[in-house]
Amino acid sequence: MSTEESRAVELISRVSYGRVATSMRAMPFVAPARHIVSDGRVLLRLHRGLGYHRACNGSVVAYGADNFNSGSEKLWSVQFTGTAEIVEPTEDELAAFGTEPELVDGEPFDPVYMRIEPQFVTVHALDYASETPATRPGPRSVRRHLHHVA
């Protein structure tokens with residue numbers, strides 16, 4: 001595992017949720033997902049009822065997570081890009097996911113699990129430590145800044 005991959009795994013392990021992106025019927029979409037890292041790969045838990053897992057299974061996806069709402073002066077974003085496949089998690093992996101939501105969009109939560117085999121990993125760091133909270137850009141500025149950094 002490269003230094004960049006190790007750093008991405010360490011960072012993504014600090015948060016519980018991110019967004020998976022791919023396309024469905026030639027249209028792009030982004031969906032929220034719960035994640036854990038197991039054996040250096042990202043394992044996602046999605047709601048089966050939304051059908052996103054069908055578009056992701058066997059396809060190249062991007063999965064991103066960040067700490068933008070953490071209040072930290074050191075912001076980061078990671079992205080894992082690779083092929084996703086539906087898997088059955090181990091008992092240890094299920095335990096690592098923790099409690100499931102009861103409902104998603106008003107219907108009972110029905111989990112489906114996907115593993116991403118990363119082809120490449122990207123880490124972006126934004127450091128606002130030299131700025132005071134009053135002069136620090138808000139979330140929109142951070143997103144624009146990140147776009148320029150990427």
Side-chain angles (χ1 to χ4, degrees), residues 1-101 103-105 109-129 136-150:
M1 187 179 290
S2 73
T3 304
E4 181 100 341
E5 290 170 332
S6 296
R7 180 72 175 136
V9 166
E10 187 269 322
L11 290 170
I12 201 170
S13 297
R14 296 180 186 181
V15 297
S16 300
Y17 290 87
R19 291 152 300 282
V20 63
T22 194
S23 63
M24 185 165 36
R25 293 186 290 281
M27 299 296 289
F29 76 88
V30 177
R34 170 78 168 95
H35 69 263
I36 62 168
V37 177
S38 179
D39 295 325
R41 288 179 264 154
V42 178
L43 183 62
L44 307 180
R45 181 176 71 191
L46 302 161
H47 174 54
R48 186 180 311 271
L50 299 175
Y52 296 141
H53 64 288
R54 289 190 296 276
C56 294
N57 192 36
S59 298
V60 173
V61 303
Y63 185 73
D66 58 62
N67 73 335
F68 290 172
N69 291 323
S70 69
S72 174
E73 293 176 336
K74 295 182 186 274
L75 301 177
W76 54 262
S77 174
V78 298
Q79 180 173 297
F80 292 78
T81 303
T83 305
E85 66 175 315
I86 295 173
V87 296
E88 287 298 323
T90 66
E91 289 299 318
D92 288 342
E93 289 169 337
L94 286 172
F97 273 110
T99 306
E100 296 178 349
L103 300 172
V104 174
D105 295 338
F109 181 72
D110 181 15
V112 63
Y113 299 89
M114 307 202 73
R115 187 175 315 278
I116 300 173
E117 188 67 46
Q119 314 290 292
F120 61 91
V121 174
T122 307
V123 176
H124 296 287
L126 300 147
D127 189 352
Y128 291 101
R136 186 178 315 136
R140 285 189 181 172
S141 297
V142 170
R143 283 192 210 104
R144 272 197 309 272
H145 186 114
L146 180 61
H147 178 72
H148 295 296
V149 171

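One-based numbering along the sequence shown. What you see below is based on every heavy atom in this structure, not just the backbone, and it leaves out hydrogens, waters and symmetry mates. Keep in mind that this is a model prediction, so the values were computed, not measured.
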- Query: Would I86 and Y113 satisfy side chain to side chain contact (heavy atoms under 4.5 Å, CB included), going step by step from the backbone distance to the final call?
  - Reply: CA-CA 6 Å; I86 295 173; Y113 299 89; over 6 Å; no
- Answer with yes or no whether the side chains of Q79 and T81 bring together a donor and an acceptor at under 3.5 Å. yes
- Compare every heavy atom of S59 with every heavy atom of T22, then report the nearest pair and how far apart it is. OG1-CB, 4.2 Å
- Message: Do H47 and V112 have side chains that approach each other closer than 4.5 Å (heavy atoms only, starting at C-beta)?
- Response: no
- With the side chain counted from C-beta on, respond yes when F80 and I12 share a heavy-atom pair under 4.5 Å apart, and no when they do not. yes
- Is there a side chain to side chain contact (heavy atoms under 4.5 Å, CB included) between L43 and V87 once you walk through the steps? CA-CA 9 Å; L43 183 62; V87 296; 3.4 Å; yes
- Query: Taking it one step at a time, do R48 and H53 satisfy side chain to side chain contact (heavy atoms under 4.5 Å, CB included)?
  - Reply: CA-CA 7 Å; R48 186 180 311 271; H53 64 288; 3.5 Å; yes
- Message: Closer than 4.0 angstrom, basic N to acidic O: yes or no for R7 and E4?
- Response: no
- Query: Does the side chain of P118 come within less than 4.5 Å of V42's, by heavy atoms?
  - Reply: no
- Could you give me the CA-CA distance, side-chain angles and deciding distance for I36 and L44, then say whether side chain to side chain contact (heavy atoms under 4.5 Å, CB included) is met? CA-CA 7 Å; I36 62 168; L44 307 180; over 6 Å; no
- Query: V123 and A8: which non-hydrogen atoms are nearest, and at how many Å?
  - Reply: CG2-CB, 3.6 Å
- Distance in Å, S77 OG paired with L126 CG, rounded so as to fall on 0.5 Å steps: 8.0 Å
- Query: R41 versus I116: any side-chain heavy-atom pair under 4.5 Å?
  - Reply: no
- Task: Hey, could you give me the NZ/CG distance between K74 and L11, rounded to the nearest 0.5 Å?
- Result: 12.0 Å
- Message: Under 3.5 Å, is there a donor on one side chain and an acceptor on the other for H35 and Y63?
- Response: yes
- Under 3.5 Å donor-acceptor, S2 side chain and E5 backbone: yes
- Query: Does atom CD of Q119 have more than 12 heavy-atom neighbours, drawn from other residues, nucleotides or ligands, at distances under 6.0 Å?
  - Reply: yes
- Message: In the structure I gave you, are the side-chain heavy atoms of R34 and F97 within less than 4.5 Å of one another anywhere?
- Response: yes
- Message: For a 4.5 angstrom cut-off between non-hydrogen side-chain atoms, does N67 reach R14?
- Response: no
- Task: Kindly compute the distance separating OG (S38) from CZ (R115), expressed to the nearest 0.5 Å.
- Result: 5.0 Å
- Task: Return the orientation label for the F29 and Y52 ring planes: parallel under 30°, perpendicular over 60°, tilted otherwise.
- Result: parallel
- Query: About how many Å separate NE2 of H124 and OG1 of T122, when rounded to the nearest 0.5 Å?
  - Reply: 5.5 Å
- Message: Using every non-hydrogen atom in the two residues, find where P111 and E100 come nearest and quote the distance to one decimal.
- Response: CG-OE2, 3.4 Å
- Message: Salt bridge or not between E93 and R45? Use side-chain N to carboxylate O under 4.0 Å.
- Response: no
- Output yes when R19 and D66 qualify as a salt bridge under the 4.0 Å nitrogen-oxygen rule, no when they do not. yes
